[in-house]
2 protein chains.
Amino acid sequence: MLQTINNPPIIELLEKHGLRKTAIRTQVLHVFLNRREALSHAEVEELLKDADRITVYRTLKTFEDKGLIHKAIDGGGKTKYALCHGGCSEHAHHDHHAHFHCDDCGKTICLDTVAAPQVQAPGKFRVVATHLVLTGQCDACSE
Amino acid sequence: MLQTINNPPIIELLEKHGLRKTAIRTQVLHVFLNRREALSHAEVEELLKDADRITVYRTLKTFEDKGLIHKAIDGGGKTKYALCHGGCSEHAHHDHHAHFHCDDCGKTICLDTVAAPQVQAPGKFRVVATHLVLTGQCDACSE
DNA sequence: CAAAGAGTGCAACTATATTGCAAAAACAAT
DNA sequence: ATTGTTTTTGCAATATAGTTGCACTCTTTG
């Protein structure tokens with residue numbers, strides 16, 4: 001059985017977003033806090049062997065809805081998530097950084113220092129959000 | 001049964017990329033040439049009722065490998081493809097335009113006039129390609 | 001600590017995508 | 001046009017990703 005992790009930063013994150021402190025949620029947050037790359041459902045599941053598949057899906061969805069994690073677009077087939085920084089809430093995500101997808105190891109990493117550009121779309125297109133995706137070799141794979 | 005379409009531009013496209021002229025391939029190209037938005041496998045299948053599901057998957061894959069179409073990253077769950085412009089080949093894709101994903105109708109459209117920026121990634125990251133994805137309302141939905 | 005509401009786990013199901021193999025079609029050479 | 005070679009196609013089976021309904025359990029609040 002999964003245990004609730006009693007780690008202050010994790011508990012605070014959940015409280016701040018109005019979420020109940022359950023075993024799965026603390027475990028999933030723990031995983032995200034200890035990884036720099038974005039994680040897919042399958043990866044979270046792999047790291048939390050005793051967690052139920054469907055519950056992991058729902059946990060990720062809930063975290064996204066409440067502003068704890070955001071989807072990281074990377075062009076790969078799977079949805080990946082990464083921790084939000086302050087500023088995201090139930091009502092809106094504000095992650096304007098680029099995501100780097102490594103063609104070698106497949107990892108997706110948030111580049112917090114690289115901002116997505118402001119662009120002007122032609123004609124009547126109304127741009128609400130901009131995503132910048134870089135692909136190539138990550139720092140670990142380019143050695 | 002699907003018929004081979006004997007349309008000069010379609011035939012030329014296939015010949016230029018060293019592909020055999022089969023019924024499915026001409027039909028799939030026909031579909032792409034008559035749509036401005038990027039298409040998912042499901043959409044192509046829907047438009048080509050008599051085509052075999054698996055063959056459509058393989059046709060899309062082949063076209064991508066040979067440089068006729070490219071994946072359009074849009075942040076949605078499904079792989080979408082759009083026609084390449086001249087300049088793409090078996091060896092490399094050169095589509096540096098932005099893709100617009102409409103939150104309302106779900107369509108993904110190549111914005112040929114909007115270029116993905118050149119960006120400098122930090123540290124040892126080696127950037128090979130840059131993708132710019134805009135989301136919001138497309139010209140048709142923003143009326 | 002009990003009631004109410006939220007979250008979890010299981011089963012069943014849908015959608016998306018890939019692989020192996022035999023039959024069919026396209027192409028090149030006669 | 002006919003044949004032989006190679007590529008492509010169609011079917012079956014299988015893999016991977018994600019969703020929904022329902023009953024049970026846990027967290028929270030008074």
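Just so it is clear, the structure is predicted and the values come from calculations on it, not from any experiment. All chains are named by letter (A, B, ...) in the order of the sequence lines, taking the proteins before the strands, and each is independently numbered beginning at 1.
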Item to check | 5' priority, DNA chain C, between A:R58 and A:R53 [closest heavy atom] | outcome: A:R58
Next on the checklist: On the nucleotide C:dG7, are OP1 or OP2 found under 4.0 Å from the side-chain N or O atoms that A:T62 carries?
Outcome noted: no
Checklist entry - Within this structure, what is the NE2-to-C1' distance between B:H17 and D:dT7, rounded to whole angstrom? => result 18 Å
Checklist entry - Hey, mind stepping through A:R53 and A:E45 against salt bridge (Lys or Arg N to Asp or Glu O under 4.0 Å) and telling me if it holds? => result CA-CA 7 Å; A:R53 225 170 60 79; A:E45 202 192 331; 5.2 Å; no
Next on the checklist: In this structure, how many angstroms lie between the P atom of C:dA6 and the NZ atom of A:K61, rounded?
Outcome noted: 17 Å
Next on the checklist: Distance check needed: D:dG10 P versus B:D50 CG, whole Å only.
Outcome noted: 10 Å
Item to check | Spacing between A:E64 atom CD and D:dT19 atom C1', to the nearest angstrom | outcome: 15 Å
Checklist entry - Expressed in angstrom and rounded to an integer, what is the separation of A:Q27 atom CD from C:dG7 atom C1'? => result 16 Å
Checklist entry - B:Y57 OH to C:dT18 P: how many Å, rounded? => result 7 Å
Checklist entry - So what does B:S40 touch, heavy atoms closer than 4.0 Å: a base, only the sugar-phosphate, or nothing? => result nothing
Checklist entry - Atom CD1 of B:I5 to atom C1' of C:dA26: distance rounded to whole Å? => result 17 Å
Checklist entry - Looking at B:K21, does any N or O in its side chain come under 4.0 Å of the phosphate oxygens OP1/OP2 on C:dC27? => result yes
Checklist outcome for this item: Separation of C:dT18 atom P from B:L60 atom CG, nearest Å, is 10 Å
Item to check | B:K61 backbone acceptor or donor facing B:E64 side chain under 3.5 Å | outcome: no
Checklist entry - Any side-chain N or O of B:R25 under 4.0 Å from OP1/OP2 of D:dT8? => result yes
Checklist outcome for this item: Exactly one candidate in B:H131, B:H99, B:H85 meets ring pair (Phe, Tyr, Trp, His ring centres under 6.0 Å) with B:H70; the answer is B:H99
Checklist entry - Which nucleotide in the list D:dA17, D:dT8, C:dT8 gets nearest to the side chain of A:T22? => result C:dT8
Checklist entry - Is the phosphate of C:dA17, meaning OP1 or OP2, less than 4.0 Å from a side-chain N or O of B:T79? => result yes
Checklist entry - Below 4.5 Å, heavy atoms only, C-beta onward: do A:P9 and A:E12 meet side chain to side chain? => result no
Checklist entry - To the side chain of B:R20, which of D:dG10, D:dT6, D:dT27 is closest? => result D:dT6
Next on the checklist: Strictly distance-based, threshold 3.5 Å: is any side-chain N or O of B:T130 a donor or acceptor partner for the main-chain N or O of B:A116?
Outcome noted: no
Checklist entry - Under 4.0 angstrom, heavy atoms only, what part of the nucleic acid is A:T55 near: base, sugar-phosphate, or nothing? => result base
Item to check | Residue closer to the 5' end of DNA chain C, B:I54 versus B:L19 (nearest nucleotide) | outcome: B:I54
